[in-house]
Protein chains: 2
Amino acid sequence: MTRKDEILQVSARLIREKGYVGLSMRDLAKAIGVKAASLYNHIPSKQAILAEIILHLAEDFTSQIQHVAIKSISSLDKLKQIIEHHVDLSLHHPNKLALLNNEWMHLEGQSLADFKTMRNQYEEQLRQIINQGKANNELKALHTELVLFSLLSTLRNLNVWIKKRGSIPAEQLKNELHQVLLNGIS
Amino acid sequence: MTRKDEILQVSARLIREKGYVGLSMRDLAKAIGVKAASLYNHIPSKQAILAEIILHLAEDFTSQIQHVAIKSISSLDKLKQIIEHHVDLSLHHPNKLALLNNEWMHLEGQSLADFKTMRNQYEEQLRQIINQGKANNELKALHTELVLFSLLSTLRNLNVWIKKRGSIPAEQLKNELHQVLLNGIS
DNA sequence: GTCTATAGACAGATAGAC
DNA sequence: GTCTATCTGTCTATAGAC
């Protein structure tokens with residue numbers, strides 16, 4: 001792992017704990033074991049750390065849902081693959097996902113605009129999949145926005161909860177989550 | 001509305017936008033129309049603003065769920081009343097709820113300990129209601145923690161989405177949300 | 001109850017030695 | 001690539017006049 005990767009990884013953990021504004025470059029440097037000035041040989045600014053972490057993840061989500069959307073499978077199978085992708089990323093990058101969810105408002109300029117564009121694209125793709133499912137009678141005739149919101153709320157919070165899941169293996173987690181989200185609990 | 005109430009209300013809106021650390025007392029004072037030093041005639045510190053907003057809401061949630069838990073009604077009806085309370089608070093105090101969800105880690109000392117205690121109590125009460133529902137065959141035999149997590153994820157994100165709900169009246173929102181969360185979407 | 005002025009700490013970032 | 005030293009600005013909070 002390069003020093004730059006180390007900076008990004010440690011930054012994600014510390015920003016998750018202290019918030020973007022609450023983390024100082026001195027604290028970050030101390031956690032890595034160098035002086036603050038040395039960080040600037042690897043990254044141009046504090047803002048660039050946040051932008052790189054968030055935009056990289058946002059691009060991953062966007063390309064995945066576009067890849068799923070054009071497949072010739074049922075809407076329910078599309079939703080299943082989207083859920084699985086959220087589980088996989090939540091397992092492997094929980095800290096970076098926390099930044100995507102909670103620190104994006106500290107992005108500036110073009111980075112903030114790009115993030116908003118990708119977020120809107122993601123929600124629009126998911127909205128279309130839900131509407132297709134309703135048209136095919138795969139999904140109930142509920143408010144699309146309510147279904148979209150409920151799904152995304154649970155998926156975007158997976159990173160908070162996934163480390164406390166205890167003994168549930170990843171595959172079983174995906175199956176039960178799929179059942180809870182699509183078939184309900186009662 | 002007293003000046004102190006005005007400070008709390010404006011603080012909630014600005015902290016939601018900029019984060020607790022990102023909001024300066026100068027910015028807060030300017031939004032209210034006074035100088036920063038004048039704020040300290042109404043509140044003892046910046047930290048006290050955050051603590052008062054968050055702990056007040058946490059006490060509201062805790063007392064409500066304890067009130068519901070001891071009722072002689074079905075587990076499904078208990079869940080319905082809990083969902084309705086989240087909707088009501090999300091409609092009336094969206095900014096303060098955002099702080100409860102996203103800024104609690106900036107609490108310090110006894111305030112932070114009290115918050116964590118109340119949050120654990122809330123989750124434990126909800127866990128018991130879910131387990132009762134499973135024992136009564138009102139709820140499916142799914143992982144309790146997964147059901148708890150999914151429910152709370154959606155309920156705690158209501159404040160983000162509720163202002164975009166458009167034309168859905170509050171009563172209809174409660175009914176559809178109840179259906180989505182308990183009966184599923186497919 | 002609001003103001004001006006300021007104390008004292010800490011922020012992001014840069015210059016230049018090694 | 002890391003360091004020391006430092007610039008320049010902002011932060012919370014207080015003192016004391018009005």
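Please read these numbers as outputs of a predicted model, since none were measured by experiment. Below, chains carry the letters A, B, ... as their sequence lines are ordered, and counting in each starts from 1.
Residue B:Tyr40 contributes atom OH, which lies 17 Å from atom P of C:dA7 at whole-angstrom precision. Residue B:Leu50 contributes atom CG, which lies 13 Å from atom P of D:dT12 at whole-angstrom precision. Whole-Å rounding puts the A:Ile43 CD1 to C:dG12 C1' distance at 10 Å. Regarding A:Ile7, its CD1 atom lies at a distance of 10 Å from the P atom of D:dG1, rounded to whole Å. Distance, A:Lys35 NZ to C:dA13 C1': 17 Å, rounded to whole Å.
Within a 6.0 Å radius of CD in B:Glu176, other residues, nucleotides and ligands contribute more than 12 heavy atoms.
The main-chain N or O of A:Gln66 is never found under 3.5 Å from a side-chain atom of A:Gln125 such that the two would form a donor-acceptor pair.
For the atom pair CD1 (B:Ile83) and CD (B:Gln179), the distance works out to 11.5 Å, reported to the nearest 0.5 Å. With rounding to the nearest 0.5 angstrom, the OG atom of A:Ser11 is 7.5 Å from the CD1 atom of A:Ile43.
For the pair B:Asp88 and B:Lys174, the salt-bridge criterion is met [side-chain N within less than 4.0 Å of a carboxylate O]. Here B:Lys116 does not pair with B:Glu123 in a salt bridge; the nearest charged N to carboxylate O distance is not below 4.0 Å.
If you check D:dC3, C:dA13, C:dG1 against the side chain of B:His42, the one that comes closest is C:dG1.
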When every nucleotide of nucleotides 5-11 of chain D is labelled 5' to 3' by its protein contacts under 4.0 Å (heavy atoms), B for base, S for sugar-phosphate only, - for none, what sequence of letters results? -B----B
